[in-house]
S.K.: 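Below: one structure in structure tokens.
Side chains are part of it too, since the values below use all heavy atoms of this structure and drop only hydrogens, waters and symmetry mates.
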Protein chains: 2
Amino acid sequence: MRAALQDREPGGGRIRQQQEAAILEAAERVFARGGFQGATMVDIAQEAGLSKSNVHYYFGTKADIYRAVLANILRLWLAETDRITPGADPREALSHYIRAKMRLTAERPEASRVFANEVLHGAPEIGDFLRGTLRRLVAEKAAVIEGWIERGRIAAVDPVHLFISLWALTQTYADFEVQVCALLGRPALGGADYRRATAHVLNLLLRGCGLDGGVVSEDVRKEMPDA
Amino acid sequence: MRAALQDREPGGGRIRQQQEAAILEAAERVFARGGFQGATMVDIAQEAGLSKSNVHYYFGTKADIYRAVLANILRLWLAETDRITPGADPREALSHYIRAKMRLTAERPEASRVFANEVLHGAPEIGDFLRGTLRRLVAEKAAVIEGWIERGRIAAVDPVHLFISLWALTQTYADFEVQVCALLGRPALGGADYRRATAHVLNLLLRGCGLDGGVVSEDVRKEMPDA
DNA sequence: TAAAAACCTGACCAAATAGTCAGGATTCAG
DNA sequence: CTGAATCCTGACTATTTGGTCAGGTTTTTA
């Protein structure tokens, strides 16, 4: 069994900090384009404005970079579920989480794609994370939602499937962006598109939980500035 | 601009038919595992029980195999929207399509993964298909749904986003199978899991269209045999 | 059954690519 | 200012891999 994915400790000099950040940022783009196999060290180096050897100086192997990129993404993913607590208002808590997830998708589509690619191909690196940390987190939040259901605050929905749906509905706008663009007849997704998508997803999920009453599109406009 | 993706004409002798089929079946599995880049000709050959040279005898290049696999998948994808017509009962028509999509996902998860990988990486092969045939089809069906909305038969939903949601919700069970398994604590998804997922997705989407009244799980059980 | 067509193989090649390394350039601590 | 640490480079290597080809084997056809 593979060692757990963990963040690199941020030691090293000024230059190291800067270059590693540049490499990780470049690598995220490159991995998003072609996956692990499709990315070459030369691509990453060029995208970061460095020589291939120099990239190897900071990160021993391509796999090291890949793991570091994934670790960054997972950190991003894990936040945002805080408001889902037994005492919270279901409508408010769910709306907040959905909006947060959608905003993340709009702002970091590449991160979403790297993650999608990893999971699509069997999660060789983050399998343990999925079966460990993530599973525990979801079980915990699912219990909260079960509580809401028992107290009649929302309709009966399988909470785990609800999370699966929520992620599918939001991330699809990043992962399948070309397809979405094709169907909407757009060259790329802009702020307006994401606002509309957010309203749609909110409607679908809230109604699915028996929390009807459409979302006023005003609500969405406020917190999603043009991309 | 690249030539349109088209089916191979099924000429050739008895042996050719058989071997090509074997290669395409094997290739779908291999491409599903690692994407285009991650698949090697040796992998495909081994999976098909042939020598690498022999695979090259039937298909000139790896890209040829890939395109043929995609063409097969697209053919599969395109069917099933027939019942979405102006005169149809929205509930019946949507249920039927959702169930069909879910069944396809359960039965051909590898096909779904190959498609997902292709789109995830910018749809270099099927971009034209997405912007052409698929867009036209969706526009046509969207018009039907707009009609339903105008006549007050279902709630106001953006039809194109509805299709995007529908595909995201169903295909996620194949594309992110490892993650779903991790969350459900299962080694693999079986018939029971897919039945539960189908009921969940049906509920979510039908309610989202204002067609409430939960789906009786009995309905689902009938048409999805154990995998 | 014999010629032709279709099928199959192993050896080979060229390109791509991850990773190494010796040594030079720059930066930094004292 | 100087020595040490850090940073950077270009040339090189080993391996993987898609694709070719000459020639052998099997199947089909007439």
S.K.: Under 4.0 Å between a side-chain N or O of B:Q19 and OP1 or OP2 of C:dA6?
M.R.: no

S.K.: Measure from NZ or CZ of B:R103 to the centre of the six-membered ring of B:Y194 and say whether it is under 6.0 Å with the direction within 45° of the ring axis.
M.R.: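 Verdict for B:Y194: no cation-pi partner in B:R103.
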
S.K.: According to salt bridge (charged side-chain N to carboxylate O under 4.0 Å, His left out), who are the partners of A:R33, at least two apart in sequence or on a separate chain?
M.R.: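 Salt bridge (charged side-chain N to carboxylate O under 4.0 Å, His left out) check on A:R33 returns A:E47.
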
S.K.: Do the ring planes of A:F176 and B:F115 sit parallel (below 30°), tilted (30 to 60°) or perpendicular (above 60°)?
M.R.: parallel

S.K.: Please report, rounded to the nearest Å, how far the C1' atom of D:dT6 is from the CD atom of A:Q18.
M.R.: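 A:Q18 atom CD is separated from D:dT6 atom C1' by 14 Å.
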
S.K.: Under 4.0 Å between a side-chain N/O of A:R16 and OP1 or OP2 of D:dT6, yes or no?
M.R.: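 Answer no for this pair, as no side-chain N or O of A:R16 is under 4.0 Å from OP1 or OP2.
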
S.K.: Nearest-Å distance, CD (B:Q17) to P (D:dT27)?
M.R.: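 After rounding, the reported distance stands at 17 Å.
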
S.K.: Quick one: list whatever passes salt bridge (charged side-chain N to carboxylate O under 4.0 Å, His left out) with A:E140, sequence neighbours left out.
M.R.: none

S.K.: Please identify each residue that fulfils salt bridge (charged side-chain N to carboxylate O under 4.0 Å, His left out) with B:E25, with sequence neighbours left out.
M.R.: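 In terms of salt bridge (charged side-chain N to carboxylate O under 4.0 Å, His left out), with neighbours along the sequence ignored, B:E25 is linked to B:R29.
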
S.K.: Does a side-chain N or O of A:Y57 approach OP1 or OP2 of D:dC7 to a distance below 4.0 Å, or not?
M.R.: yes

S.K.: Salt bridge (charged side-chain N to carboxylate O under 4.0 Å, His left out), that's the test. Do B:R196 and B:D193 meet it? Break it down for me.
M.R.: CA-CA 5 Å; B:R196 199 175 172 87; B:D193 298 308; over 6 Å; no

S.K.: Would you please classify the geometry between the B:F31 ring and the B:Y66 ring as parallel, tilted or perpendicular, with 30° and 60° separating the classes?
M.R.: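 Answer is perpendicular, since the angle exceeds 60°.
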
S.K.: In whole angstrom, what separates B:E20's CD from C:dA6's P?
M.R.: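 Going from B:E20 (CD) to C:dA6 (P), I get 13 Å.
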
S.K.: Assess the side chains of B:T40 and B:D43: does a donor N or O sit below 3.5 Å from an acceptor N or O?
M.R.: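 A pair is found: one side chain offers a donor N or O, the other an acceptor, under 3.5 Å apart.
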
S.K.: Salt bridge (charged side-chain N to carboxylate O under 4.0 Å, His left out) with B:E28: which residues, sequence neighbours excluded?
M.R.: B:R108

S.K.: Given D:dT6, is OP1 or OP2 found less than 4.0 Å from the side-chain N or O atoms of A:Y58?
M.R.: no

S.K.: Taking N or O atoms only and anything under 3.5 Å, show me the protein contacts with nucleotides 13-15 of chain D, one pair per line.
M.R.:
none

S.K.: Expressed as a whole number of angstroms, how long is the span from A:N54:CG to D:dG10:P?
M.R.: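 After rounding, the gap between these two atoms is 10 Å.
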
S.K.: Heavy atoms under 4.0 Å is the rule here; annotate nucleotides 11-30 of chain C 5' to 3' with B where the base is hit, S where only the sugar-phosphate is, and - elsewhere.
M.R.: B-----SBBB-------S--

